[in-house]
Amino acid sequence: MTLSADEKLPLTAHLEELRKRFVHVLIALAIGFTLCYTFKEELFRIVTLPLIEVMPKNSFMVFTSLPEAFFTYMKVSFFAALILTSPYILLEIWKFISPGLYPQEKKYVFPFVFLSTLLFSAGVLFGYFVALPPAFKFFISFSSEFLKPMVTMREYLGLALKLLLAFGLCFELPVFVFFLAKIGVVNARMLSTQRRYAILLIFIAAAVLTPSPDLISQLLMAGPLLVLYEISILVARFAVRKPRAGRKKVPAEESSEVSESGPAATGEQDE
């Protein structure tokens with residue numbers, strides 16, 4: 001239901017709606033966390049596979065404080081639950097903002113939820129299978145007969161989750177551009193003309209986000225971002241509203257002339 005200007009909800013009603021959506025999200029996260037914590041060891045092993053595959057034989061991970069393993073499993077379960085419930089969370093966010101949208105804009109709810117989840121998952125999977133293994137292999141290559149890696153659970157999980165989250169958010173670029181184009185912040189022409197600066201920023205971001213300084217890892221992140229940027233230009237072109245068929249824009253000068261000459265012409269005819 002779209003509210004008119006005279007039927008806007010008061011601030012208390014907005015806060016109540018926000019509280020309702022927030023409670024729904026917390027319940028979904030609690031259910032997902034309980035389910036994921038049941039498989040905490042399997043989930044942690046999956047997360048550590050890119051490192052385990054490149055570590056020397058007879059190597060193992062360690063924890064240096066008594067509660068470290070417990071909190072690490074908690075963190076793994078929470079982020080797994082966040083990914084598992086992300087479609088529902090995005091749907092709740094959409095339900096909160098949808099009353100302020102026009103009816104024709106509400107039709108984007110399912111594409112928004114589906115594409116956001118798909119792109120984020122694609123970014124996480126790309127980072128997990130493509131970017132992390134060569135990066136960890138680079139770091140482990142410094143081990144020698146007298147230098148053995150002893151990776152702690154907390155340090156590895158913090159690094160891996162930060163990188164996977166960065167890849168997931170970077171892959172959301174077309175979705176961000178779509179909504180920026182809808183509100184008029186960017187357009188396809190602007191993105192095309194600023195392409196050279198975007199390429200520079202993409203390679204700077206790739207150098208910052210990738211854990212290893214080697215060129216291969218940076219190209220592995222910059223390449224998909226360049227492709228996503230080109231896709232974002234097409235998305236921005238699609239997002240711009242097209243004028244209705246049969247309606248022509250009247251220049252301001254012509255409209256002012258018509259408004260000035262209209263009453264005068266009418267008056268002359270009446271005379």
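Only this structure's heavy atoms are used, side chains among them; waters, hydrogens and symmetry mates stay out.
Contacts classified as salt bridge (charged side-chain N to carboxylate O under 4.0 Å, His left out) and involving residues 36-55 (residues at least two apart or in different chains) are not found. Counting only residues at least two apart or in different chains, salt bridge (charged side-chain N to carboxylate O under 4.0 Å, His left out) contacts with residues 149-177 comprise Glu68-Arg154. Within the structure, every pair that satisfies the salt bridge (charged side-chain N to carboxylate O under 4.0 Å, His left out) test and touches residues 14-32, not counting sequence neighbours, is listed here: Glu16-Arg19, Glu17-Arg21, Arg21-Glu92. Residue pairs meeting the salt bridge (charged side-chain N to carboxylate O under 4.0 Å, His left out) criterion with at least one partner in residues 124-147, sequence neighbours excluded, are absent.
Residues Ile233 and Arg237 are in side-chain contact: their nearest non-hydrogen atoms beyond the backbone lie under 4.5 Å apart. Between Thr48 and Met61 there is a side-chain heavy-atom pair separated by less than 4.5 Å. The side-chain heavy atoms of Leu125 and Val130, taken from C-beta on, include no pair separated by under 4.5 Å. The closest side-chain heavy-atom distance from Pro111 to Phe178 is not below 4.5 Å. Between Phe44 and Thr72 there is a side-chain heavy-atom pair separated by less than 4.5 Å. Two residues are said to be in side-chain contact when any heavy atoms from C-beta on lie closer than 4.5 Å; Phe60 and Met55 fail this criterion.
A side-chain donor-acceptor contact under 3.5 Å links Tyr229 to the backbone of Leu191. Side-chain atoms of Tyr128 do not come within 3.5 Å of backbone N or O of Gly123 as any donor-acceptor pair.
The line from CD1 of Ile31 to CG of Leu35 is 10.0 Å long, rounded to the nearest 0.5 Å. In this structure, CG on Leu119 lies 8.5 Å from CD1 on Ile231, to the nearest 0.5 angstrom. Atom CZ of Phe96 and atom CG of Leu91 lie 14.5 Å apart (nearest 0.5 Å). From Phe238, atom CZ reaches atom OG of Ser232 across 14.0 Å, with rounding to the nearest 0.5 Å. Note: Phe120 CZ to Cys170 SG = 10.5 Å, rounded to the nearest 0.5 Å. We find the CD1-CG distance between Ile89 and Leu26 to be 9.0 Å, quoted to the nearest 0.5 Å.
Under a hydrophobic clustering in which Ile, Leu, Val, Met, Phe, Trp and Tyr are joined whenever their side-chain heavy atoms come within less than 4.5 Å, directly or via other members, Phe22 and Ile97 fall into different clusters. Linking ILVMFWY side-chain heavy atoms closer than 4.5 Å, directly or via other members, places Leu118 and Phe129 in two distinct hydrophobic clusters. No path of Ile, Leu, Val, Met, Phe, Trp and Tyr side chains, each step under 4.5 Å between heavy atoms, connects Phe114 with Val177, placing them in separate hydrophobic clusters. Linking ILVMFWY side-chain heavy atoms closer than 4.5 Å, directly or via other members, places Leu234 and Ile199 in two distinct hydrophobic clusters. If you chain together hydrophobic residues whose side chains sit under 4.5 Å apart, Tyr73 and Ile46 fall into the same group.
The two residues Ala81 and Cys36 make their nearest non-hydrogen contact at N-SG, 3.6 Å. Closest approach of Thr117 to Ser86, counting heavy atoms only: CG2-OG, 4.1 Å. Residues Leu51 and Phe136 share a closest heavy-atom pair of N-CD1, 3.9 Å. Across every non-hydrogen atom of Phe203 and Leu226, the tightest pair is CE1-CD1, 4.1 Å. When all heavy atoms of Ala160 and Val47 are compared, the pair lying nearest together is CB-CG1, 4.4 Å. Closest of all the heavy-atom pairs between Phe142 and Leu147 is O-CD2, 3.3 Å.
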>> If you apply the rule side-chain contact (heavy atoms from CB on, under 4.5 Å), what do you find for Phe33 with Leu29, and how did you get there?
In response: CA-CA 6 Å; Phe33 176 82; Leu29 280 175; 5.9 Å; no
> Going through the checks in order, is the ring pair (Phe, Tyr, Trp, His ring centres under 6.0 Å) test met by Phe171 and Phe126?
Replying inline: CA-CA 10 Å; Phe171 271 60; Phe126 179 86; 5.7 Å; yes
>> Applying side-chain contact (heavy atoms from CB on, under 4.5 Å) to Leu132 and Leu164, what does each step give before you reach the verdict?
In response: CA-CA 9 Å; Leu132 292 189; Leu164 293 178; 3.8 Å; yes
> Going through the checks in order, is the side-chain contact (heavy atoms from CB on, under 4.5 Å) test met by Leu157 and Leu161?
Replying inline: CA-CA 6 Å; Leu157 185 65; Leu161 290 181; 3.7 Å; yes
>> Checking Lys75 against Phe79 for the side-chain contact (heavy atoms from CB on, under 4.5 Å) test, could you report, in this order, the C-alpha distance in whole Å, the side-chain angles of both residues, the deciding distance, and whether it holds?
In response: CA-CA 6 Å; Lys75 188 181 295 185; Phe79 277 96; 3.6 Å; yes
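The 12-atom threshold is not exceeded at CG of Leu66, counting heavy atoms of other residues, nucleotides or ligands nearer than 6.0 Å. Under a cut-off of 6.0 angstrom, the local environment of CZ in Phe179 is crowded, with over 12 non-hydrogen atoms contributed by other residues, nucleotides or ligands.
Partners of Pro56 according to the side-chain contact (heavy atoms from CB on, under 4.5 Å) rule, which considers only residues two or more places apart in sequence or in another chain, are Ser59, Ile140, Ser143, Pro149. Take Arg195 and apply the side-chain hydrogen bond (donor to acceptor under 3.5 Å, both in side chains) test, not counting sequence neighbours, and it matches Glu230.
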